Every structure is written in C-alpha cells, then in structure tokens.
Amino acid sequence: MDLTLAIIVTVVGASTPILIAALGELVVERAGVLNLGVEGMMLIGAIAGFVVQFHTGNPYLALLSGAAAGTAASLIFGFLTLSLSANQTATGLALTIFGTGFSALAGSSYSARPVTLMQPLLPEQLADHPIGRVIFGYSFPVYFAFVMVVAVRYFLHSTRAGLILRAVGENDQSAHSIGYSVIGVRYLAVMFGGAMAGIAGACFPLLLTPQWAERMTAGRGWIAVALVVFASWRPLRLLAGAYLFGLVMTMELYAKAGGGVLSVIPSELWAALPYLATIVVLVLISLRRDATTNAPACLGKPFLPTN
Amino acid sequence: MTLSRRNFVKVGGAAMALPLLGSSAFAQLEKVKVGFIYVGTINDNGYNYAHNQGRLYVEEHLGDKVETIYVENVPEGPDCERVLRELAQQGCNLIFATSFGFGDSVVKVAPQFPDVAFEHATGYMSGPNIGLYNARFYEGRAVCGTIAGHMSETGKYGYIGSFPIPEVVMGINAFVLAARKVNPDATIKPVYISTWNDPAKEADAARAMIDQGIDVIAQHTDGPAALQVAAERGIVGGFGQGADMSAFAPETQLTAIIDHWGPHYLASAEAVLAGTWVPGNTWEGLKEDVVQMGPYGAKVPADVVAAAEAMRTGQIDGSVHIFTGPINDNTGVERVPAGTTMTDAELLSMDWYVEGVEQPA
C-alpha cells in the first residue's frame, strides 16, 4: 500500500509539467495556431524560474518569471507567424532550437548551484496521514494544473470569449468578416500558451529536481504537443492523457527498480505503452463515424484576410 | 571555418618548413598549441566539466609555453571531422578528442595531419599519430562500494546507469564486489534510463528505487539529480560522479569520484613540447591521480573512512585489485578463479554481472 501511494506521488510529479504545457498548447491550437516551440519555451521558462528561485528563494515569483519568460518567447513566434505570416511549423521548430541555445547561454554560470524545492501548498497537518499526503501533500503547480483544466474547459465551451477563440480556429475568414480580430485573438492564445509552457518549464527546478541542467526538459515539450492530438483537443481528455503518460513513464522505472508485483508487467512493455496507447487512440478516433477528428479547421494556416 | 586559400598556404608552408629530423615526425617546440573538443557543455558539472578542468590545469602549469582552444557541444558524427580539421589548420600541435564517439572522425582526420598529435579518450582505434587514454573509474567505484557496505542498513543499493556498456557494467561490478567484502549479503539493483542527461528521469529513477527499499544510491549519469533525491528522502547517502557534488547535497554525499585529467594532459603537452610524444595507450587511475576521491562526508564514521582509505591506498600501491578472483557471476557460475586478476582487455569488454547484482529488467 505504501508503495502504491509513493508511486502516485511520483506520477503526479511527472505528469504535472506535461499537463500544464499541453493545456497551453491546446488553447493555442484551438485558435488555429500550431506552435511547435513548446520545448524551447519550457527551457526558457525553466532557466528563468531557476534564476529567480536561486536569487530570491520565492518559488511563486519564480513561477511568475517562468510565465513571463515563456510569454516573451511566444511573442517572437507570434510576431513572425501572425504579423509576418511566416510558416508556423518552421518558426515553431526554430523557437525550440532558439530556446535550447538561449537557456544554455543564460544558465551557463548556474551549473553547480542547487536551489530549494517548492514547499507543499497546504498545511502539514493535512498531509500527516499517508492518504492525506497523496491528496494534500503537493506544491502549488499540481493543483494549479487541475484548476486550469477546469478553467480552460469552462472558457472554451461556456464563455463567449471561448466561442470567439474557437471560431477563429475553425473559420478565420468568417470570424474576421463579422468583425473579430483574428490576429488579436491568436496573439492572446499564443501568449497564454507561452505562459503555460514557461510555468511548466519552471516546474522542473521547482518541483522535480532542484538544479539547472542544459536541456533539462529532455523532450517533454514534444510529449505535450503530441498529447494535444492524443486528447483530440479536449481539456478533460488531456488531463487523462497527461496522467496516463506520467503513469507509464513512472511505472517503467518502478518496474525496473523493483521485483515482486511490479515486475509482472515487464519494463519494456511499460516503455512501449505510450506508443501503443497512441496507436489505439488514433484508431478509435478514426473508427468514429459521427465525428471528425476534432482538429481545428484552420490549424497551422496563416491568416490572410480575403476582403 | 572554410579552408581559405590564405590559411591553406600558411598551413602548407608550416608543414614544409618542419625540419625533417631523423625518423621522428615531431620536432621540439617553443610553444605548444593544444585543442580540446567536448561532446557536451563545460558547464555540465560532470564529464565535460572535468575535461575542461584538465585543460585549465595544463594552462596553469605551462603558462606562456602553451595556448589552448576548445570547442564544446560537438556532435559525435561528421561535424566532428570539420571541427578537428579546423583545429589542426589553426595550428594545434596536439588535439584531444574527449568522447568515445569521436573515434571515427579522429581516425579519418589524423592521417591528413601527420605532424599533429591526436589523443582520443576511452577509444580503441589508434594510429601513427593517434594516442588513446582512459581512466580507471572502477577504482573509485570500489572505494564507494566499501563505504556503502559499511553504512547501508538494508544492504540494498541502487545504481542508475545510462546504457549497459562495459564502462558502466564494470563500475556496477566494482561497487558491489567491494561492498560484499564488507557485507556478503549486499545486493545492488541497476536501473538503465537510456540517457546521459535527463535530470527529471534520473530523479524519478532514484525515487523508484528508494521507494522499494534501497538506502544507498550511485549513478553513472552526468548530473547530481539522484544525489538530490537521496537528500530529499533522507536515505543513508549517495556519491558524486565526475566531480565533487557536495554543493548539491552537503549532508548526503558520502564521497565523490572525480575525473582528474589534468596530469595526463600536462604530460602529453610536455611530451609534444620536447618532441618526444609517441602515441600511447594509457589507462590510469588513482595511482596516477587521474581518478581522485572527493572529501568524505561528515556522516561517514572514522572507521569507515579508514576502510575506504585502505581500499584507496591498496589500489594505489597495487596490493588490491577489485577484479581479483574468486568472482562468480550473478547466476552463480565462477568467472574468475581464486588468485587470478582479470586482464584489462577482459575488463574493457565486460558484459556480465557479478554475484550480488540483480539482473536489470
């Protein structure tokens, strides 16, 4: 039982940054923009968060700086793709390369420096009991991620602004012709995606491993991008998907480290599960006759008004 | 740099101007220019950091008789050839390729610059102007294992590996052989994570092992993530790898294995200066000071420090070689008979685990 609880705690840690970054990308893509720069923005957020945590010791300020740095990086992308109508795929890839190099440069003098981890959000008494620990024992970003899932879902499906954002992503020409600023809405979405990726990056030094290391996000930004497709652009499925990926990533290690029950499923199978799950989901999606794949119709297309 | 005509004339001229003294291709020099290429960044606080410390060591000792240049983040592939050529064309007399994966490029480029000395770390392909060098990190592992044998309460250790290559397998085996000299029931669990640098995964692997009962952890990856988790969970301890990592876990680091390439780099640079450089094949360790142990942690008791020191000094004076039989593999088959010591060639191709290593999943 104790081991089960310990595994849950590790899974939650592994899933949280992926969920936060993917949630940002989901909103970006719902507005019709494909930003493949998530990994780069996460790294920029990670170094910004680390530097602020190192100098101030205030993890909330560190998260905010991660968000600010991620937003700044996303504005580069926004300017190129929205204002100048550059190719989104190429620009996003360039942003990832830029973020990797820039964060390495900015972090070059912070290599042998530890920081302190973010403390749990809720009072310790709540986390005294093992079950309490599993529910109440996390720091702020874990709960933030859950709240944001609900908030994004509510925003997209129950608010006027969310409807406009979806309209921009589904049919930019129509949205434009009835007077909405397509570029303006997309800028806001891209900035939100940048802020979320920045926060997700800052989670690495604050939540998972209190240090700065070059490329420390190690490809999780790409998992976040893939998860958005996996979740067919829906926030609740994204939550399930992020935790599923977190679970298999963690279980692979627990299965390798342990004997007994855990080794019933070989670690190789755990390692292969995310890919198997992706294939199964894609097959299921394509089998459904009543619905499309749910991809925003204008995803990845630059907006050039026709009138 | 593309090969400009001017540079080409300069390099060609320099090559022709070299006096043809006897059969030796290497002349005495007033000043030596040494190039280093690193596979990662000098700020990784581990492997590449240690090589760069070696470069600084040479500068410190040779002063104005040496000029060094380095290129970091060089990918293991065709790009490495370009970097090697550039260094040679810029007038380097001696070039260190510090990663295993640079080997193919060195073998291609070196024949084109016969008057430049090349040295390749941890490789196996030599040549008329290609020397090989490596370090006996397993000697440091034996010291760590001795400490683990004394201090662990559960007798279960965890070991985070990158890939199951002989270098890593050798380290795991040395660690547990030393630990079992103290605690014959001790076991070690290797977990391979298929990367040298993914701190979050290293940390989660450490958590996975600690949650399942290990209380001492070692790692053969580039960063201090596992050590930090050990501190966070309050287990007995862990070890620094490549460099002293006590800044990351002052209470938890029991000691560290420090790569100290400086003396080797200095010796090679001096040999090139004197015109006596010949391609060598060195595999040095604690004795030659190429492998060093970090400071012992405050929580390591005096008698354990004494035992660890005995293991360290024993390997220096040659009275102890951790791979001396009898050694059984982890299926119980005797691999090394009593009194026999494994040869270097056997060690460098080691692909089996000794008794006490739980077969990795």
Side-chain angles (χ1 to χ4, degrees), chain A residues 2-11 13-14 17-18 46 100-101 104-105 107-117 203-205 207-220 246 249-263 265-271, chain B residues 40-46 48-49 52 72-73 156 158-161 187 189-214 217 221-229 231-233 240 243-250 358-361:
Chain A
D2 279 353
L3 182 58
T4 315
L5 299 180
I7 291 174
I8 294 172
V9 171
T10 308
V11 169
I18 301 174
T100 307
L105 180 68
S108 59
S109 56
Y110 289 95
S111 59
R113 316 265 178 99
V115 290
T116 43
L117 285 171
C203 284
F204 281 80
L207 217 61
L208 302 176
T209 170
Q211 54 162 321
W212 162 251
E214 277 186 25
R215 299 168 198 233
M216 73 186 300
T217 54
R220 285 169 187 76
M249 279 158 57
T250 304
M251 284 312 297
E252 183 200 342
L253 297 171
Y254 274 83
K256 279 180 177 171
V261 190
L262 290 179
S263 53
I265 301 176
S267 63
E268 289 87 350
L269 185 57
W270 284 113
Chain B
T41 157
I42 58 170
N43 293 313
D44 69 352
N45 204 44
N48 297 291
Y49 168 84
N52 194 54
E72 52 182 344
N73 288 318
K156 288 179 176 167
Y159 201 109
I160 301 175
T187 59
K189 180 83 197 182
V191 168
Y192 289 107
I193 61 168
S194 308
T195 170
W196 291 104
N197 182 23
D198 181 345
K201 194 170 185 184
E202 290 162 52
D204 280 348
R207 291 185 181 105
M209 292 197 280
I210 292 168
D211 288 340
Q212 297 184 70
I214 66 119
I217 196 158
T221 47
D222 284 343
L227 197 55
Q228 286 183 313
V229 172
E232 175 194 315
R233 294 290 171 100
D244 183 359
M245 296 179 173
S246 55
F248 292 94
E358 290 180 40
Q359 190 65 28

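In what follows, chains carry the letters A, B, and so on, assigned in the order in which the sequence lines appear, proteins first and then strands, with residues in each chain numbered from 1. Nothing here was measured: the structure is a model prediction, and the numbers come from that model.
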A.B. asks: About how many Å separate NZ of B:K201 and CD of A:E252, when rounded to the nearest 0.5 Å?
C.D. replies: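 It is 5.0 Å, given to the nearest 0.5 Å.
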
A.B. asks: Of the non-hydrogen atoms in B:K189 and A:G258, which two are nearest, and what is the gap between them?
C.D. replies: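 Shortest heavy-atom contact: NZ-O, 4.1 Å.
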
A.B. asks: Looking at every heavy atom in both A:L3 and B:D211, which two are closest together, and how far apart are they?
C.D. replies: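 That closest heavy-atom pairing would be CD1-O, 3.6 Å.
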
A.B. asks: Would you name the heavy atoms of B:P199 and A:Q211 that are closest together and state the gap between them?
C.D. replies: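 Shortest heavy-atom contact: CB-NE2, 3.6 Å.
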
A.B. asks: Taking all non-hydrogen atoms of both residues, which atom of A:L207 and which atom of B:R207 are closest, and how far apart?
C.D. replies: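 Answer, listing the atom of A:L207 first, then B:R207: O-NH2, 4.4 Å.
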
A.B. asks: Using non-hydrogen atoms and a 4.5 Å limit, figure out which bit of B:P360 sits close to chain A: side chain, backbone, both or neither.
C.D. replies: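 For B:P360, neither part sits under 4.5 Å from chain A.
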
A.B. asks: List in chain and number order the residues that pass side chain to side chain donor-acceptor pair (under 3.5 Å) with A:Y110, two or more places apart in sequence or in another chain; answer none if no residue qualifies.
C.D. replies: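 A:Y110: side chain to side chain donor-acceptor pair (under 3.5 Å) contacts with A:H55.
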
A.B. asks: Determine, step by step, whether B:V191 and A:L253 satisfy the side chain to side chain contact (heavy atoms under 4.5 Å, CB included) criterion, reporting the C-alpha distance in whole Å, the side-chain angles of both residues, the deciding distance to 0.1 Å, and the verdict.
C.D. replies: CA-CA 7 Å; B:V191 168; A:L253 297 171; 4.2 Å; yes

A.B. asks: Identify which part of B:A203 has an atom lying under 4.5 Å from any heavy atom of chain A, answering side chain, backbone, both or neither.
C.D. replies: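 Contact with chain A involves the side chain of B:A203 alone.
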
A.B. asks: For the interface with chain A, which of B:V229, B:T41, B:I193 has the highest count of heavy-atom pairs at distances below 4.5 Å?
C.D. replies: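 The option with the most such pairs is B:T41.
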
A.B. asks: Does B:D204 reach the side chain of A:M249, with side-chain heavy atoms less than 4.5 Å apart?
C.D. replies: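 They are not in side-chain contact.
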
A.B. asks: So B:E202 and A:T209, side chain to side chain contact (heavy atoms under 4.5 Å, CB included) or not? Walk me through it.
C.D. replies: CA-CA 9 Å; B:E202 290 162 52; A:T209 170; over 6 Å; no

A.B. asks: List in chain and number order the residues that pass salt bridge (Lys or Arg N to Asp or Glu O under 4.0 Å) with B:E72, two or more places apart in sequence or in another chain; answer none if no residue qualifies.
C.D. replies: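 For B:E72, no residue satisfies salt bridge (Lys or Arg N to Asp or Glu O under 4.0 Å) once neighbours in sequence are set aside.
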
A.B. asks: Taking CZ in A:R215 as the centre, count heavy atoms belonging to other residues, nucleotides or ligands within less than 6.0 Å. Is the count above 12?
C.D. replies: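 No, CZ of A:R215 has 12 or fewer neighbouring heavy atoms, counting only those of other groups under 6.0 Å.
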
A.B. asks: Could you check which of B:P190, B:P224, B:G223, B:G158 has the highest count of heavy-atom pairs closer than 4.5 Å to chain A?
C.D. replies: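 The residue among B:P190, B:P224, B:G223, B:G158 with the greatest pair count is B:P224.
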
A.B. asks: Please state whether the side chain, the backbone, both or neither of A:R113 comes within less than 4.5 Å of a heavy atom of chain B.
C.D. replies: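 Just the backbone, heavy atoms under 4.5 Å.
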
